[in-house]
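First the proteins, then the strands, lettered A, B, ... as listed; each starts at 1.
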Amino acid sequence: MSTQPPTYTFKDFVSDQEVRWCPGCGDYVILRAMQKALPMMGKRREDFVFISGIGCSSRFPYYMETYGFHTIHGRAPAIATGVKLSNPALSVWVMTGDGDGLAIGGNHMIHVIRRNVDLNVVLFNNKIYGLTKGQFSPTSDLGQKTKSSPYGNTQPPFNFGELTIGSAGQFYARTPDNNPNDMADIFAAAEKHKGTSVVEILQNCVIFNDGAYDSYTDKTVRDDMLLYLKHGEKMIFGKEKNKGIRFNGRMLEAVTIGENGITEDDILVHDAHDYNPSMHFMLTQMDNPLPVGIIRSVETPTYEERMATQAESIKNRSKYKSIDDLLFSGETYSV
Amino acid sequence: MSTQPPTYTFKDFVSDQEVRWCPGCGDYVILRAMQKALPMMGKRREDFVFISGIGCSSRFPYYMETYGFHTIHGRAPAIATGVKLSNPALSVWVMTGDGDGLAIGGNHMIHVIRRNVDLNVVLFNNKIYGLTKGQFSPTSDLGQKTKSSPYGNTQPPFNFGELTIGSAGQFYARTPDNNPNDMADIFAAAEKHKGTSVVEILQNCVIFNDGAYDSYTDKTVRDDMLLYLKHGEKMIFGKEKNKGIRFNGRMLEAVTIGENGITEDDILVHDAHDYNPSMHFMLTQMDNPLPVGIIRSVETPTYEERMATQAESIKNRSKYKSIDDLLFSGETYSV
Amino acid sequence: MSDTATTQDKNKIRLDRVVIRFAGDSGDGMQLTGSQFSDTSAMLGNDIATFPNYPAEIRAPEGSIYGVSGFQVHIGEVEISTPGDDVDVLVAMNPAALKTNISAVQHGKTIIVDADEFTTKNLGKAGYSDNPLEDGTLSAYNLIPAPITQLSRGAIKEMGLDNTSMNRTRNMFALGMVFWMFSRPLDYTIKFLEKKFGHKPQIFEANVKVLKSGYHYAETMELLSSAYTILPAKMTGGTYRILMGNTAIAWGFLAAAERSGKHLFLGSYPITPASDILHELSEHQHFGVTTFQAEDEIAGICSAIGASFAGNLALTTTSGPGLALKSEAIGLAVMTELPLVIVNVQRGGPSTGLPTKTEQADLLQAMYGRNGESPVIVVAASSPSNCFDMAYEASRLALEHMTPVILLTDGYIANGSAPWRIRSVNDLEPIKPAVAPLPGEEWLPYLRNPETLARRWATPGMPGFEHRIGGLEKEDGTGHISYDPENHEHMVKLRAEKVRRVENYIPELQLDGAESGDLLVVGWGGTYGSLHTAVKALQEEGHAVSLAHFHYINPMPRNTREVFSRFKQIVVCELNLGQFATLLRSSFPEFPYLQYNKVQGLPFTVFELNAHFRNLLNAK
Amino acid sequence: MSDTATTQDKNKIRLDRVVIRFAGDSGDGMQLTGSQFSDTSAMLGNDIATFPNYPAEIRAPEGSIYGVSGFQVHIGEVEISTPGDDVDVLVAMNPAALKTNISAVQHGKTIIVDADEFTTKNLGKAGYSDNPLEDGTLSAYNLIPAPITQLSRGAIKEMGLDNTSMNRTRNMFALGMVFWMFSRPLDYTIKFLEKKFGHKPQIFEANVKVLKSGYHYAETMELLSSAYTILPAKMTGGTYRILMGNTAIAWGFLAAAERSGKHLFLGSYPITPASDILHELSEHQHFGVTTFQAEDEIAGICSAIGASFAGNLALTTTSGPGLALKSEAIGLAVMTELPLVIVNVQRGGPSTGLPTKTEQADLLQAMYGRNGESPVIVVAASSPSNCFDMAYEASRLALEHMTPVILLTDGYIANGSAPWRIRSVNDLEPIKPAVAPLPGEEWLPYLRNPETLARRWATPGMPGFEHRIGGLEKEDGTGHISYDPENHEHMVKLRAEKVRRVENYIPELQLDGAESGDLLVVGWGGTYGSLHTAVKALQEEGHAVSLAHFHYINPMPRNTREVFSRFKQIVVCELNLGQFATLLRSSFPEFPYLQYNKVQGLPFTVFELNAHFRNLLNAK
Ligand SMILES: Cc1ncc(C[n+]2csc(CCOP(=O)(O)OP(=O)(O)O)c2C)c(N)n1
Ligand SMILES: Cc1ncc(C[n+]2csc(CCOP(=O)(O)OP(=O)(O)O)c2C)c(N)n1
Ligand code: SF4
Ligand code: SF4
Ligand SMILES: [Mg+2]
Ligand SMILES: [Mg+2]
């Protein structure tokens with residue numbers, strides 16, 4: 001870690017493994033965005049670690065020329081915690097899916113967020129189990145027909161933004177899978193953020209849930225259906241940039257500037273750094289338009305920082321300077 | 001279920017098992033409150049089922065003269081789901097602790113809440129693992145010294161209210177362990193509510209975390225530190241009933257009526273039934289005063305209702321009226 | 001199909017069996033093609049067995065080696081128990097399909113390829129540097145290079161379809177060719193296409209046209225000196241259907257629910273190759289079946305335990321890694337003596353292993369994978385259609401003996417299919433679940449049936465039987481928590497004895513072959529087809545060899561020791577390193593056991609078994 | 001304590017060993033009292049073994065049967081290997097303590113009770129209808145009813161303490177009495193009290209006063225015809241301390257981390273009786289130990305696997321149900337060939353079972369509780385102090401052989417304590433973990449050491465060795481995903497062989513006793529003390545009996561077969577229904593194995609073993 005890292009290009013992060021996702025899968029965009037983002041991060045290649053569970057999305061580490069671990073279903077956050085606590089200098093990424101990260105892995109997910117371990121979590125949310133060929137997931141829509149819900153899904157979905165904030169999350173961003181540059185920027189911001197950074201990607205599965213996000217991302221609607229958030233800027237959207245978000249006394253709502261006496265002054269400014277998560281929570285409650293970008297980004301001590309501080313203070317006080325001190329401590333006697 | 005249930009008293013719900021909690025444990029109050037509440041519910045005794053995991057709190061079912069199942073650590077919500085889906089006429093209670101329900105059982109907890117299975121979840125939050133003799137739990141305070149955090153806990157806690165709402169929860173109530181009557185009322189409301197009802201009890205463990213809630217519940221402070229919420233009423237508290245809650249443009253805050261030009265009109269009215277959880281979330285963010293009572297109570301279809309509706313509609317359309325229809329369906333041939 | 005009916009009877013060479021493998025890109029519809037061939041053959045009265053071979057990837061890039069999908073069909077006038085070792089006819093729709101499948105074809109056998117696909121680009125993707133159709137490497141085979149793509153397109157060129165749709169008909173051309181070769185009529189497939197494409201008449205018509213073109217092409221070009229025919233097999237009279245193992249499992253449970261008067265509850269989490277059971281049961285929720293897709297395997301089994309506590313026929317389905325996760329909860333069902341069926345469709349391990357491949361390496365996990373002395377019943381299904389019976393049996397044992405039952409199948413029989421003689425549920429022996437006594441009768445939660453030791457089962461909602469159970473050690477009778485040392489030992493032994501006594505309620509071991517002899521082949525589970533075929537062939541040659549195939553593993557049939565004692569040699573054959581042999585050695589240490597093992601993610605071939613047994617017989 | 005020093009030498013009856021049990025209410029401080037007695041005895045040079053018996057409840061109501069807490073001490077001039085079967089002196093602080101402990105006391109032995117506590121109310125709570133001190137039921141014992149409460153209060157009545165504080169000194173009175181009986185000095189305890197109550201001088205003083213009162217009371221009242229003494233044992237020279245099994249485990253890992261140059265990482269979730277290992281290591285985070293209390297057992301082991309991937313000595317600790325939950329993840333460590341130690345402190349099962357009691361019934365789970373062919377090293381500790389050695393051994397094997405190791409202990413040795421001869425970490429054989437080659441050297445993730453087959457280990461942060469591993473089957477060498485059938489079989493066998501070869505790196509089986517004979521007693525794990533004592537007694541009587549005690553279970557020592565062949569009979573003794581016997585039968589089926597089993601949540605008594613072995617020796 002002593003010398004300046006070399007200047008990398010995305011090619012330095014392409015592994016020799018053939019990429020095996022279905023042609024047209026949204027995962028390709030994520031891979032490319034990541035390979036673009038890593039050279040921006042000012043870290044050495046050997047210090048990146050990608051950890052995944054099981055799922056199409058979890059194949060990700062194989063394609064990165066970094067350290068990687070394709071583990072077992074749902075457990076990537078726990079394994080990544082072990083890696084990070086062992087070597088805090090590493091940049092540790094958890095690559096997961098809506099099934100891997102929120103069904104079987106939901107507990108590890110909320111706990112890692114609560115602890116604020118300095119990991120970057122990227123969740124590929126295609127609202128379906130891809131690898132097992134199309135069962136509903138915890139983010140599938142009500143009524144969604146899948147192999148295991150042939151008559152329509154009856155389980156209301158998680159909203160991952162809401163859940164992250166409900167788990168005391170300090171960084172949450174959301175981005176569609178059709179804009180690799182924005183995505184790369186978000187990855188870079190996630191890496192820069194100290195603490196658990198959660199990035200949810202609205203990912204299209206062309207085989208089992210094609211078009212899941214068309215109502216937001218289709219060219220014809222996206223200007224009106226997506227709200228691109230930027231810290232410190234007004235929450236304005238729409239083809240004509242004439243719509244915005246205000247608080248109506250109960251919740252956030254979209255309004256048109258110039259209608260019903262609404263002026264730009266009524267429109268809220270996005271403060272991603274507000275320690276109190278109330279506004280961020282309210283943003284996660286919106287779906288028309290759907291907020292994308294960095295919704296929350298607040299720095300508080302990470303778990304490993306707290307641990308390190310504690311260990312340091314023990315060292316200073318402890319009467320045991322070596323293991324032998326401990327073994328021979330207290331009441332001993334000789335024969 | 002045909003006839004009117006008999007008139008019960010609390011004694012009808014006392015089992016023959018000797019209660020084995022430590023003298024002075026807050027769990028006794030919960031037990032008594034429950035035994036008081038059940039006769040109010042208009043159900044037959046055989047239709048109550050208490051399901052727990054492992055922990056001091058999870059001993060609860062043994063003491064109730066109802067059906068009961070003391071299962072394994074963390075799994076009560078999943079087991080209760082099976083019971084309820086099998087027999088929706090039952091009143092099914094999940095009795096759990098902060099370790100059982102939020103550490104090992106955290107995933108089942110958030111999923112049961114998301115699905116809105118019509119269960120009543122009572123979580124005894126003593127911020128400690130009691131049964132295993134005093135390790136920190138996911139709700140332990142930062143810095144809390146326990147057997148496994150001899151130098152102070154370094155893991156920031158969950159706020160269970162926040163987590164419930166983050167998991168799309170529709171009913172959340174919170175109550176201290178020193179008021180069995182209020183508690184019984186909340187139990188009755190939880191049972192009445194269709195969908196997952198979450199009740200968090202601020203429970204004192206006299207042995208391993210005595211006084212954890214003194215800063216809220218002690219006689220000398222409780223009027224100023226607890227905000228008793230009632231649906232439809234203004235959020236007013238304080239010994240002099242002169243304090244209240246308002247929204248300051250960013251979050252909720254406590255103010256004094258009559259100071260700085262604040263009048264009663266500025267004080268918010270509690271709407272537990274608001275479908276949008278924004279205000280409820282903001283209430284969970286407060287800790288001075290700490291809101292208690294029913295914070296959210298919104299009826300949406302339960303999981304088992306959705307399932308039943310679907311099964312009914314399949315029945316009407318299906319070409320298979322019997323299993324034999326299915327076995328002999330499609331392409332068959334005779335030899 | 002009337003215009004081909006005439007060719008059915010004359011000029012045919014009669015075969016007693018044939019193995020055909022259709023192989024192509026994942027997008028080429030090989031599974032459908034293969035099923036059409038096997039279904040048509042079944043309708044003609046052949047015995048059949050099929051096995052699909054899916055690629056591990058969902059949709060690998062076109063033309064890639066790892067994107068090849070295959071479907072093997074074995075049909076016969078004789079009894080067919082396996083999808084067959086060696087392929088008589090390989091249909092390879094592209095170079096990658098040829099490359100990955102040729103090792104299954106012996107010299108002298110037939111290979112049909114779509115010659116149009118052997119372009120430089122496709123050859124490269126498959127890793128061929130030269131074109132095998134031209135460099136003579138296939139000279140030892142009966143190679144039929146047909147311009148399938150061109151001819152398919154030609155047949156429908158005037159219809160104005162787009163390229164993709166035209167290409168999608170290629171499989172029908174190949175199917176037509178093979179139909180001609182084996183003298184199968186087209187009408188079943190045409191009916192099928194009608195149903196499938198009814199709402200898209202143009203696509204329907206195109207497919208039929210191409211199908212017929214393939215048929216006529218084969219006939220016209222006289223690709224083969226003559227067509228073959230396979231006459232109907234001699235099968236027990238009855239109504240048949242083709243059934244996949246996983247569907248059979250699902251139906252077996254539906255039948256068991258019906259015949260036990262219990263509601264069926266499935267708590268599950270998807271995992272290859274078990275998910276299809278969940279899919280199938282999810283289709284039938286109106287039969288009083290509840291399927292609950294849980295957040296993980298633990299919640300899957302726990303919801304089932306809750307459903308069992310509430311009085312249901314409770315079921316959970318999974319594969320190896322999922323069974324590992326369920327370990328702790330199975331122990332709870334053992335302790336609380338609740339009925340529960342756990343289906344484990346085995347796949348290649350350890351860990352994630354080879355998820356799409358078959359194996360038998362979860363046997364010891366099923367036996368011992370829990371803390372404490374935690375006995376369960378373990379049974380195994382031996383074939384796709386036997387899956388129905390064993391699902392029924394597992395339900396019966398769980399409900400009548402009040403204990404968890406693990407039913408082992410594997411990826412091979414779960415995805416394989418075979419003819420199944422349909423039985424009406426009314427013809428099945430009824431199941432009599434343990435029940436609580438009538439109101440007022442004396443009852444305690446751990447009162448037992450003195451014969452089976454099953455406890456009597458009261459469920460929430462029954463007035464007067466309120467009680468509490470749990471995972472702490474129980475006092476026999478009352479079910480109260482007990483730390484008493486003697487009670488604990490009593491209960492540990494009682495739970496073991498309860499499972500042991502199940503041997504009185506299961507059939508004795510039946511041998512395939514004579515009751516004594518030189519060699520006893522021992523197998524269990526999904527290897528039955530191969531073992532049976534190999535042993536039968538040797539018996540026909542006059543060897544004194546028999547097969548003892550186990551469906552019941554814990555407890556084992558009560559005549560096991562006696563059967564073993566009547567043979568000179570015993571060889572235990574398994575798709576693992578010897579797990580059943582381990583079990584047999586500890587149960588019946590008095591016999592020496594030879595082992596024959598294979599751990600390649602593949603079933604045994606009849607050939608390798610045959611050779612091995614022959615060696616053993618000759619060596620002695 | 002100078003004023004008692006004079007009584008040390010005269011008028012003493014010399015005993016070679018004595019067993020004392022202190023029993024009272026959970027609040028009575030019996031654990032502390034017992035430790036003071038055993039520590040003092042250790043200081044005097046006695047060999048000792050102790051065992052606490054906690055109630056299942058945290059704090060049961062005062063005076064209740066299930067609230068009784070006990071602590072047994074066995075001290076001797078001779079070698080002591082168990083806390084003892086029968087109690088020579090029982091101290092019972094209340095009726096419930098008498099009731100629950102009297103069965104361990106033989107007629108003629110001594111019982112000291114606090115007579116003040118035998119009130120009608122307390123007798124009722126204990127379920128006595130009559131007062132046993134008065135109704136003659138204790139006439140067969142040497143009963144010493146002392147008014148302990150009254151005398152304790154009397155000794156400090158002028159100090160102005162509140163009632164509760166006064167009552168809390170009662171245990172010191174009893175301790176003083178027993179100190180006198182066995183001629184122990186008080187100074188060690190006085191020093192201890194000073195440290196404990198240093199900040200509360202009044203309480204300190206009160207305790208010392210009461211302690212001395214008890215001592216003088218015993219002396220003055222001439223309760224016993226005379227005091228006893230137990231001379232120092234002949235132990236190997238060195239510095240000793242008393243060590244509890246769980247502490248020994250923790251320290252063994254600290255030492256292994258130091259001697260392997262690795263950072264120690266513990267990922268764990270609390271569970272009785274394993275939590276103390278987590279507690280102990282949490283105290284020492286400044287030694288480069290990271291303890292991570294995870295949300296559950298799965299996260300516990302997974303964080304450890306992550307730590308192992310990152311290059312640490314990784315550890316997870318649990319008990320039975322927790323091991324079940326870790327099953328799937330252990331498989332991942334097997335497949336990725338990462339070093340990992342899993343400590344399983346066994347308790348009574350199945351399911352939640354008897355969580356505070358001991359058992360050995362997780363052996364087969366440790367061996368087989370995973371999907372697929374998933375071999376791991378299994379070792380077991382045999383005594384509290386051996387826990388240190390086996391923790392060190394488990395670390396060595398994991399790091400040098402790149403594979404998970406399961407270390408089995410049990411509640412009995414985990415909570416028991418015994419003298420441990422302290423070794424400086426510098427005197428321990430260094431551990432040489434597998435390492436990646438130097439920068440530039442050729443390397444692949446699954447390149448192996450040709451002898452051990454351990455793969456070479458590169459960890460994140462090392463430039464030039466970036467690579468990816470995972471749970472899918474690996475191609476040997478490259479570590480790439482491979483679905484190749486032959487590679488799979490090769491790897492399955494290789495993983496088994498890697499574990500098998502560990503037999504070349506572990507010591508041979510050493511017998512306690514002659515190399516051949518009439519009876520070989522076989523044991524493993526925590527039963528060593530009882531087996532050793534029982535066998536030694538028979539040897540002293542001239543019987544040809546030896547003990548083969550296994551610390552290494554998978555693989556077993558390479559001379560096992562040979563050792564077995566030299567005895568006429570083999571009896572396998574375990575606290576389960578015969579799990580090691582099952583393993584032995586399948587590994588060495590040529591020998592007949594007798595079994596001796598007990599499943600009562602309790603250790604073997606020397607008495608019952610002795611009787612059983614004697615029968616076997618006579619029968620032959
Ligand atoms: C213990 C275990 N249970 C189940 C599975 C099967 N499984 C593999 S991936 C997966 C779901 C994948 O869904 P998701 O995480 O959304 O990933 P995607 O394929 O959609 O990217 C499941 C159920 C498994 N491999 N292991
Ligand atoms: C699988 C498993 N892991 C761990 C344990 C040990 N254990 C029992 S209860 C408990 C925590 C109890 O804490 P909580 O739920 O807060 O209950 P409390 O005792 O405080 O009421 C733990 C860790 C167990 N019984 N099973
Ligand atoms: S199945 Fe869906 S998620 Fe998986 S690779 Fe294919 S398109 Fe992508
Ligand atoms: S340990 Fe704490 S929570 Fe448990 S019974 Fe005692 S006081 Fe209650
Ligand atoms: Mg997905
Ligand atoms: Mg608690």
Side-chain angles (χ1 to χ4, degrees), chain A residues 1 15 17 44-52 54 61-62 64-87 89-90 92 107-108 110-111 307 310-318 320 322-324 326-335, chain D residues 39 42-43 45 188 232 235-242 251 254-255 258 263 265 267 284-287 290 292 294-296 298-299 302-312 314 328-329 331-332 336 422-426 459-472 480-481:
Chain A
M1 302 291 302
S15 83
Q17 299 295 298
R44 307 185 70 92
R45 186 165 67 180
E46 62 268 24
D47 291 332
F48 287 108
V49 185
F50 284 83
I51 304 205
S52 65
I54 301 285
Y62 289 118
M64 297 294 299
E65 186 54 26
T66 62
Y67 282 94
F69 198 170
H70 178 224
T71 71
I72 43 177
H73 198 32
R75 315 304 174 189
I79 291 176
T81 298
V83 172
K84 183 71 184 180
L85 295 187
S86 301
N87 187 350
L90 301 173
V92 182
N107 206 31
H108 310 307
I110 61 177
H111 279 271
M307 296 279 284
Q310 184 169 87
E312 202 52 40
S313 91
I314 303 168
K315 194 176 229 145
N316 296 335
R317 304 181 264 165
S318 175
Y320 310 127
S322 71
I323 307 280
D324 271 2
L326 174 66
L327 304 188
F328 286 92
S329 68
E331 296 300 337
T332 63
Y333 56 97
S334 293
V335 175
Chain D
D39 288 2
M43 300 294 152
Y188 175 81
M235 294 165 77
T236 315
T239 306
Y240 282 80
R241 64 179 308 138
I242 306 297
W251 291 7
L254 285 175
E258 177 92 358
H263 187 102
F265 181 98
H284 305 298
Q285 304 196 24
H286 62 293
F287 283 151
T290 304
F292 172 60
E295 56 273 24
D296 64 10
I298 299 177
C302 284
S303 65
I305 290 174
S308 170
F309 179 60
N312 285 1
E328 190 205 7
L332 177 65
T336 51
I422 309 176
R423 266 161 304 161
S424 162
V425 285
N426 301 317
T459 53
M462 290 186 182
F465 300 120
E466 288 86 355
H467 68 282
R468 289 135 305 268
I469 58 173
L472 286 162
H480 290 161
I481 297 174

Spell out, as yes or no, whether a donor-acceptor pair under 3.5 Å connects the side chain of [X] to the backbone of [Y].
X	Y	answer
D/E466	D/G464	yes
A/S15	A/Y62	yes
D/D296	D/I298	yes
A/S334	D/T239	no

Partners passing side chain to side chain donor-acceptor pair (under 3.5 Å) against D/R468 (at least two apart in sequence or in another chain):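 D/R468: side chain to side chain donor-acceptor pair (under 3.5 Å) contacts with A/E65.
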Kindly compute the distance separating [atom1] ([X]) from [atom2] ([Y]), expressed to the nearest 0.5 Å.
X	Y	atom1	atom2	result
D/T336	D/F309	OG1	CZ	9.0 Å
A/I314	A/E312	CD1	CD	10.0 Å
D/E295	A/N107	CD	CG	5.5 Å
D/F287	A/S318	CZ	OG	5.5 Å

Identify which part of [X] has an atom lying under 4.5 Å from any heavy atom of chain A, answering side chain, backbone, both or neither.
X	result
D/E328	both
D/Y188	side chain
D/H467	both
D/A299	both
D/T236	backbone
D/D39	neither
D/A314	neither
D/S424	both

Can you sort out the partners of A/N87 under side chain to side chain contact (heavy atoms under 4.5 Å, CB included), two or more places apart, ordered by chain and number?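 Partners of A/N87 by the side chain to side chain contact (heavy atoms under 4.5 Å, CB included) criterion, ordered by chain and then number, come out as A/A89, A/L90.
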Among [options], residue most engaged with chain D (heavy-atom pairs, under 4.5 Å):
options	answer
A/I51, A/N316, A/T66, A/I54	A/T66
A/Y67, A/F69, A/F328, A/Y320	A/Y67
A/G82, A/A76, A/A80	A/G82
A/T81, A/L327, A/V83	A/L327
A/L85, A/I72, A/I110	A/I72
A/P77, A/S329, A/S313, A/G74	A/S329

Per-residue contact mode, [X] against chain D (heavy atom under 4.5 angstrom):
X	answer
A/Q17	side chain
A/F50	neither
A/H111	side chain
A/L326	both

Given the options [options], which has more heavy-atom pairs under 4.5 Å with chain A than any of the others?
options	value
D/G311, D/A310, D/P463	D/P463
D/P460, D/P232, D/G471	D/P460
D/G45, D/G331, D/G238	D/G238
D/A42, D/G267, D/A255	D/A42

State, with a plain yes or no, whether a side-chain heavy atom of A/H70 is found less than 4.5 Å away from one of D/L472.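 A side-chain contact under 4.5 Å exists here.
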Look at the aromatic rings of A/Y333 and D/Y240 and report parallel, tilted or perpendicular, splitting at 30° and 60°. parallel
Do you see a donor-acceptor pair shorter than 3.5 Å between the side chains of A/S86 and D/H263?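 Not at all, the side chains of A/S86 and D/H263 share no donor-acceptor pair under 3.5 Å.
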